[in-house]
Amino acid sequence: MSPSDRMSEPQHQADLLLYRLYRIHTTAGRMVVHLCESEFGITRREWRILSFLAEREGALSSQLAEHAMLDRARTSRTLTSLATKKLVVRQPRPSDRREVHVYSSEAGRRLYEQIFPRVAAINRELTSGLSLSQRRQLDAMLDTLQSKVAGMVDARPQSPPTQDGGE
């Protein structure tokens with residue numbers, strides 16, 4: 001092992017991959033949160049739901065919870081807030097009213113179209129220090145890590161859900 005292999009043999013918290021990713025996420029994420037809250041009046045959770053709906057109109061609230069990495073209660077509160085702001089519409093399935101599909105309203109789609117290019121610009125600026133080759137490598141590495149963590153989760157026994165839902 002090379003002394004500089006801090007990925008496989010971390011010596012300090014600052015060497016841990018999850019900590020390093022968290023710092024990047026938190027620091028850059030503040031810009032997105034500020035944009036959403038101060039300029040558009042929505043929370044980061046509301047943004048996550050709206051952006052997912054832009055790709056998957058008619059998603060079930062359970063799918064939104066999974067994608068947004070929120071528990072069902074937080075997802076429900078977020079959807080209620082978005083519905084109050086008239087940014088989403090909830091439609092129960094006629095044959096099973098417990099199954100609710102969620103759609104962006106026209107106002108929700110317009111808001112998404114205003115915010116997404118600005119969030120994409122933050123992403124572009126963040127990755128601008130990397131060459132095209134490095135960005136492609138990083139993209140592939142992140143896919144590999146996502147697959148690895150999914151396998152790690154699948155291999156572990158299921159633990160009972162937490163009360164606070166994480167986050």
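The model shown is predicted, which means the values in this text are computed figures rather than measured ones.
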Quick check against the 3.5 Å criterion: does Thr27 have a side-chain atom that pairs as donor or acceptor with the backbone of Arg23?
yes
OG1-CD distance between Thr144 and Gln137, expressed to the nearest 0.5 angstrom
11.5 Å
Salt-bridge test for Arg44 and Glu37: reply yes if a basic N is under 4.0 Å from a carboxylate O, no otherwise.
no
Begin with the C-alpha distance, continue with both residues' side-chain angles, and end with the deciding distance and a verdict on side-chain contact (heavy atoms from CB on, under 4.5 Å) for Arg6 and Arg20.
CA-CA 12 Å; Arg6 62 185 189 166; Arg20 294 170 73 189; 2.9 Å; yes
Under a 4.5 Å cut-off applied to non-hydrogen side-chain atoms, are Ile24 and Leu126 in contact?
yes
Rounded distance [0.5 Å steps], OG1 in Thr75 versus CG in Leu64
7.0 Å
To the closest 0.5 Å, what do you measure between CG (Leu53) and CZ (Arg48)?
13.5 Å
Do Glu106 and Arg109 sit within salt-bridge range, that is, some charged N less than 4.0 Å from a carboxylate O?
yes
Is it true that a side-chain atom of Glu66 and a backbone atom of Gln63 form a donor plus acceptor pair closer than 3.5 Å?
no
Step by step, would you call Val102 with Gln91 a side-chain contact (heavy atoms from CB on, under 4.5 Å)?
CA-CA 6 Å; Val102 183; Gln91 293 183 347; over 6 Å; no
dist Gln134:CD -> Leu138:CG (nearest 0.5 Å) comes out at 9.0 Å
Please tell me if the side chains of Ile42 and Ile115 come closer than 4.5 Å, counting only heavy atoms from C-beta onward.
yes
Cut-off 3.5 Å, side chains only: do Ser61 and Arg90 have a donor facing an acceptor?
no
Side-chain donor or acceptor of Arg135 paired with backbone N/O of Leu130 under 3.5 Å
yes
Answer with yes or no after comparing the ring centroid distance for Phe40 and Trp47 against a 6.0 Å cut-off, counting only values under it.
no
Examine distances only and state if a side-chain atom of Ser76 and a backbone atom of Arg72 form a donor-acceptor pair shorter than 3.5 Å.
no
When rounded to the nearest 0.5 Å, the distance separating CD of Glu39 from NE2 of His34 is 6.0 Å
